[in-house]
Amino acid sequence: MNSVPDLKGCDRSGPAWSVLPRQFYCRDTVLVARELLGKILVRRSRGGTTAGRIVEVEAYLPHDDPACHATRGRTRSNRAMFGPPGCAYVYPIHSRYCLNAVTLETGVASAVLIRAVEPLHGIALMQRRRGCLAVRNLARGPARLCEAFAVDRRLDRWNLARGQRLWIVDDPATRLRPEEIGQSVRIGVTAAHDLPLRFFWRHCPFVSGPRGWTYAQESPT
DNA sequence: CTACCGATTGACT
DNA sequence: GTCAATCGGTAGA
């Protein structure tokens with residue numbers, strides 16, 4: 001269950017890629033967000049398998065973060081965020097979907113939004129699902145990503161640590177150095193637009209956002 | 001029930 | 001660069 005035999009063409013000779021365990025997500029949300037950069041998102045469905053490298057994420061915090069969907073309390077719609085870490089939180093917006101990974105601990109609502117991946121495997125399938133040929137645009141943006149990976153509400157609360165249907169694997173060959181990680185304010189949010197909780201792989205063409213942002217922001221701290 | 005709004009995208013000037 | 005389509009979630013009558 002831990003190997004990814006389907007990933008022809010992007011598998012590398014070296015240590016086997018392992019599914020990120022629940023423990024990975026049971027940590028500080030910003031830390032999880034930064035470490036998710038470079039990991040591989042995998043989706044296996046009846047139509048086939050797609051995989052892509054995570055290059056852009058945003059953190060949504062449990063406290064003092066008005067942009068977090070759970071900031072006004074628990075509802076039927078956002079209950080995934082209050083559930084166990086390591087599960088998916090799929091939220092509909094503008095008749096599309098966005099994929100999050102729940103973090104921290106059960107009962108505390110926090111998550112990492114996966115905003116963009118670099119398509120690695122199953123590109124033809126993504127092109128068909130998206131109705132788009134340009135590889136750069138297949139999964140650049142949270143809703144595009146979900147369409148390319150056939151992620152919808154049925155995967156809300158799905159356990160990403162199971163290694164089935166939808167999961168994330170470590171790629172030991174890819175470790176981002178701190179200077180390769182850019183940081184900026186989150187895109188599109190109206191509340192808390194001052195918090196720098198977006199993290200992305202600098203100089204990566206598969207990152208979303210207005211032109212220039214990719215290279216503009218330096219990471220403080 | 002209605003009214004408003006959004007963690008978006010793609011088309012267009 | 002600007003802008004509107006689109007629809008589920010949420011709040012409020």
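In what follows, chains carry the letters A, B, and so on, assigned in the order in which the sequence lines appear, proteins first and then strands, with residues in each chain numbered from 1.
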Task: Side chain of A:Ser95 (C-beta onward), nearest among C:dC7, C:dT10, B:dA7 - done: C:dC7

Open item on the list: Looking at C:dG9, I'd like to know if its phosphate oxygens (OP1 or OP2) sit under 4.0 Å from a side-chain N or O belonging to A:Arg153.
Closed with: yes

TODO: Evaluate whether atom CZ of A:Arg130 has more than 12 neighbouring non-hydrogen atoms of other residues, nucleotides or ligands under 6.0 angstrom away.
DONE: yes

Open item on the list: Need the pair for B:dA11. Rule: Watson-Crick or G-U wobble, both distances under 3.5 Å, any strand; none if unpaired.
Closed with: C:dT2

TODO: Would you indicate which nucleotide in B:dA7, B:dG10, B:dT8 comes nearest to any side-chain atom of A:His69?
DONE: B:dA7

Open item on the list: Regarding A:Ala143, tell me which of base, sugar-phosphate or nothing describes its non-hydrogen contacts under 4.0 Å with the strands shown.
Closed with: sugar-phosphate

Open item on the list: Considering every strand and a 4.0 Å limit on heavy-atom distances, what is the contact class for A:Tyr91: base, sugar-phosphate, or nothing?
Closed with: sugar-phosphate

TODO: Quick one: label A:Tyr89 by what it contacts on the DNA or RNA (base, sugar-phosphate, nothing), any heavy atom closer than 4.0 Å.
DONE: base

TODO: Compute whether any side-chain donor of one residue and acceptor of the other, for A:Arg198 and A:Ser184, lie under 3.5 angstrom apart.
DONE: yes

Task: A:Lys39 and A:Asp171 ion-paired at < 4.0 Å - done: no

Task: A:His94, nearest nucleotide to its side chain (from C:dT10, B:dG10, C:dA5) - done: C:dA5

Task: N or O in side chain of A:Thr190 less than 4.0 angstrom from B:dG6 OP1/OP2 - done: yes

TODO: May I ask you to evaluate whether A:Arg96 reaches the phosphate of C:dA5, defined as a side-chain N or O under 4.0 Å from OP1 or OP2?
DONE: no

Open item on the list: I want to check one thing: is the phosphate of B:dG10, taken as OP1 and OP2, less than 4.0 Å away from some side-chain N or O of A:Arg144?
Closed with: yes

